Number of protein chains: 4
Amino acid sequence: MKLGMIGLGKMGYNLVQNMLQHNHQVVVNDVNPEPGMKLVEEGAEFAASIEEVVAKLSSPRIVWIMVPAGQIVDQVIDKLIPMLEQGDIVIDGGNSHYKQSLARAEKLDGHGIHFFDIGTSGGTNGAANGGCFMIGGDKETFAIIEPIFQNIAVDRGYLYAGKNGSGHYLKMVHNGIEYGMMQSIAEGFELLSKSEFDFNYEEVARVWSNGSVIRSWLMELTENAFSKDPNLDGIRGVMKSSGEGKWTVETALDLEVSTPIIALSLLMRYRSLETDTFHGKVVAALRNEFGGHAVERIN
Amino acid sequence: MKLGMIGLGKMGYNLVQNMLQHNHQVVVNDVNPEPGMKLVEEGAEFAASIEEVVAKLSSPRIVWIMVPAGQIVDQVIDKLIPMLEQGDIVIDGGNSHYKQSLARAEKLDGHGIHFFDIGTSGGTNGAANGGCFMIGGDKETFAIIEPIFQNIAVDRGYLYAGKNGSGHYLKMVHNGIEYGMMQSIAEGFELLSKSEFDFNYEEVARVWSNGSVIRSWLMELTENAFSKDPNLDGIRGVMKSSGEGKWTVETALDLEVSTPIIALSLLMRYRSLETDTFHGKVVAALRNEFGGHAVERIN
Amino acid sequence: MKLGMIGLGKMGYNLVQNMLQHNHQVVVNDVNPEPGMKLVEEGAEFAASIEEVVAKLSSPRIVWIMVPAGQIVDQVIDKLIPMLEQGDIVIDGGNSHYKQSLARAEKLDGHGIHFFDIGTSGGTNGAANGGCFMIGGDKETFAIIEPIFQNIAVDRGYLYAGKNGSGHYLKMVHNGIEYGMMQSIAEGFELLSKSEFDFNYEEVARVWSNGSVIRSWLMELTENAFSKDPNLDGIRGVMKSSGEGKWTVETALDLEVSTPIIALSLLMRYRSLETDTFHGKVVAALRNEFGGHAVERIN
Amino acid sequence: MKLGMIGLGKMGYNLVQNMLQHNHQVVVNDVNPEPGMKLVEEGAEFAASIEEVVAKLSSPRIVWIMVPAGQIVDQVIDKLIPMLEQGDIVIDGGNSHYKQSLARAEKLDGHGIHFFDIGTSGGTNGAANGGCFMIGGDKETFAIIEPIFQNIAVDRGYLYAGKNGSGHYLKMVHNGIEYGMMQSIAEGFELLSKSEFDFNYEEVARVWSNGSVIRSWLMELTENAFSKDPNLDGIRGVMKSSGEGKWTVETALDLEVSTPIIALSLLMRYRSLETDTFHGKVVAALRNEFGGHAVERIN
């Protein structure tokens, strides 16, 4: 199968390698020519522009967009629309909000172009060697692109999830679950660190990765992390977030779904961005007001 | 009415002043003679020892214990038992665990001595000028000591709550609610501090103290606190706790009661004791493992 | 002072009564003529339409809008714009989102019309007899309308908070705090209800309302509620919400502020809308899968 | 290696099968003779009493206790002590509290008997075919029993964790993490169930089990559960708990560790035990008091 890939960052680059290894033909393009040049050595076809991507494909054209979520996706789609024809296929494999995917699907549908919103999981390694794909779009048209996923996904690792939006919705919720799982694991290790015992965290993560109820890829990654820095002395506990957890909580609010664990996992990330807090000052001041409890003063 | 007060810390001292102002006779004792000496000037009778306290009272003797919670209460009670007689009354007005109060009531009951567990709220100012008292013990015997509370409590500010344990149970839950209210207010001000607006926190606390749905003594204290330090620049946001919030959550666990707000308010206090966390390091390391997200390194 | 009031629901109606009692002249209008007719008996001037409201005022005209939040506010403002002149004043005293207030202020400013976003608290009783008002808008212009608030607010119960948006922002956060306080109180009473003691809830709420650290208007209302139905046997524990708590949490997410208590208070409300949950089924099923723990079957 | 197994419930029974398959000799005993009889058919040696278990072993005797946590463990240990000799080994493989294990280790140590507290994970299937074992006790003595774990654990699935107590501490924290992970997954599926999409939950659990960041044994079990009942229509969402999650939270409180996710996961389980709540009634009544919001009445 032949397709175009626009966006050759960590994820796009690895996906192309994965596709090439499975004998798909990939026309590659990125605002930065370097990664495309390197992929040519592995068999990809270089395109200096989006126009060139489209020109090198034939009907029905399949164009996979793998750029940072947000306005850039819309810019690429807006460029693509006049170049594409009825029956062509546009895929957004990035972390877009499912509501944006619904809007983009409608826009492309107005031009007879099929759209698929695909949530991709498994990290960069998964992209290269077998990832997990959650796919929303037209079911019949999906048959055209399915062979790609039979190759680039890990076994049983892709799902036609339903109409447009469902792919990115699944990915969003997946990330919400991920936030909760990570925080659960992390709280567990904090309980180890404050105990009277002298645990070897790497070994604990190893034994929990083998045979336990909580065995999981995240636990294996925990083992990896501790193998590099046994007490994580070298890093700060600042827990950044890139937006999908927030979307999950916002969606929970909109749908009136009670998701305390996912919400709290996100809020603890925000909490970690600060070393001192204003709410803490207020509580400390109040304890002093009514009970005369001492406060810690800043000089 | 004549009674003995053992323990003349902030709360005990102020309670005695309150009682004296209402023409009660109070025999005062503390391991430290100083506060007792000062109270003599206001009309109290000094006792150099617990024996002397008891000796200066007549049947039915009323001994109010106002010492730090824990073993000291038991030590005082164990000293008192052989000196007291059937029908005498022992009051624990401190922050004891209600289960300990149940045990102490049973022990004293074995000697025919009545016990009252009294939760006291309102801070030191309340103790001096009219506080809030939640009282557990025998209902009939309560009639003997009720006149004291008609004087030292603010109007409608005392309650015979039920059998032994109920007074300290109420106080414990009161403090759990207090944790939740304080954290609610504090989170609100954090939302103000991070907004695009330039709020005067003292004025906000003032307007919210007058006519709003959330008007409360804690909001008035918030106004006080900001009046002294407009942005609380001088204090750190370390939120200590003295045990009753923890008891409330432990009780919730034992009774299988879902109290997310009280529990979280306590856990946020624990969180505030640290500037960096081990759980944060684990999450940061995991994000790096699966997604290559940058971590903040410590040199 | 003379002003127009558009919207005579529970809040608008009571505000007009309050203003009339303080000898302000109020031109009243509502889609439903009835409440306006009744207010005429108390001294108000009736207007059958928005046009009539404007016609009965003179420069600078002051029009207070007190309609349900959302599109209706915009409809009224859009009607008002062509009728008003430079220097006139529009007030939105409803529960609008502060970002909408910012947008409306900008729109009105384009026509030289001043806008005030006013958060109103204290319930219907407060509106009638002295409420709490948080006011955002131009500071100099505020001097024109300040006399109204000197009358209709409880003493010290109004605040010029800052530029447009700040009034409704304060009201939003006020409601977030309210959610947390209410849930705190409610969890406390649940702890009473599941204890080994036999508490009289009304009396507990009464004693906590007098002299305690947690004394507050909400606690007084708790006493009222229990005085009508001692165990609340007559009502279901369904906790609805009308939007401001949700806005508060959304704002916290946008500003990356950690507000666990306010967020959880909202999520527990959503939880209360259901008697059984899908997440509960999943956990129950999982416990059965790995540990053979029994599930409760539905016939 | 030869050892005795006291307690042949689900876990003990399966562990014996596992040991027998690896050519260990196992003397089996249970208050109920049936499971022991069946294990004889698979090669076990039957003992009608704890005395018989001990009599059939030779120094150093190894006795593995696998009975319900709590007093029964102490009863068995108290029976064993006079029958055992210096250098013998007692293993508690059940879900005991780590503080009890510390006390038991000390008691047995007073008689020169070695004690190991072993946390066992992996469910009944893991017990039979390769589980996960977290082991606390004397390091040198561990060398004697290590060959058993080389056989009955999954590869890399056992850990000598440190001194006594550390094995059960790890198991306790493991279960705390498990609570958080399960609730995370469950909230995710609730978000799917309330979305505008029509997801096939089994297929979603399947795709998330293959290649995704959240792949885990629990997700595979989720797939299993949905394969049997596609929408879990047949079961109620009552989330029971058997104590270790509670111990984890209690330990967090004692150590002042902030574990919001584990704590909330437990509290949501308690919440699920009820269809209506008293705290909900209080909040509903309060909304009615201050804002006149309608309550749902019970006839």
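Nothing here was measured: the structure is a model prediction, and the numbers come from that model. Quick note on labels: first sequence line is chain A, next is B, and so on, each numbered from 1.
- Considering V238(A), D229(A), I235(A), N231(A) as possible partners of K281(B), the one that fulfils the side-chain contact (heavy atoms from CB on, under 4.5 Å) test is I235(A).
- By the 4.5 Å heavy-atom criterion applied to side chains, I298(B) and D233(A) are not counted as neighbours.
- With a threshold of 4.5 angstrom between heavy atoms, M11(B) does not approach chain A through any atom at all.
- With a 4.5 Å cut-off on non-hydrogen atoms, S241(B) touches chain A through its backbone but not through its side chain.
- The candidate from G126(A), A294(A), P260(A), A186(A) with the greatest count of non-hydrogen atom pairs under 4.5 Å with chain B is A186(A).
- Classification of the F290(A)-W217(B) ring pair by plane angle, with boundaries at 30° and 60°, yields tilted.
- Ionic pairing of R271(B) and E190(A) is not present here: no N-O contact between side-chain nitrogen and carboxylate oxygen is shorter than 4.0 angstrom.
- Heavy atoms of V283(A) lying under 4.5 Å from chain B belong to its backbone as well as its side chain.
- In this structure, no portion of L192(B) lies under 4.5 Å from any heavy atom of chain A.
- In terms of heavy-atom pairs under 4.5 angstrom with chain A, the leader among A225(B), G123(B), G122(B), G234(B) is G234(B).
- Surrounding CG of D198(B) are at most 12 heavy atoms belonging to other residues, nucleotides or ligands under 6.0 Å away.
- Using a 4.5 Å cut-off between heavy atoms, L264(A) contacts chain B through its side chain alone, with no backbone atom that close.
- Taking NZ from K240(A) and CZ from R287(B), the interatomic distance works out to 8.0 Å, rounded to the nearest 0.5 Å.
- Classification of the Y201(B)-F278(A) ring pair by plane angle, with boundaries at 30° and 60°, yields tilted.
- Between the side chain of D276(B) and the backbone N or O of R236(A) there is no donor-acceptor pair closer than 3.5 Å.
- Note: E296(B) CD to S272(A) OG = 9.0 Å, rounded to the nearest 0.5 Å.
- Only the side chain of F226(A) has a heavy atom closer than 4.5 Å to any heavy atom of chain B.
- Rounded to the nearest 0.5 angstrom, T277(B) OG1 and E187(A) CD are separated by 9.5 Å.
- For the atom pair CD of E289(B) and CG of L218(A), the computed distance is 10.5 Å after rounding to the nearest 0.5 Å.
- The most heavy-atom pairs under 4.5 Å with chain A, out of M182(B), R297(B), K228(B), come from M182(B).
- To the nearest 0.5 angstrom, H279(A) atom NE2 is 9.0 Å from K194(B) atom NZ.
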query = Can you check side chain to side chain contact (heavy atoms under 4.5 Å, CB included) on L286(A) and T222(B), steps first, answer last?
reply = CA-CA 6 Å; L286(A) 279 174; T222(B) 306; 3.4 Å; yes
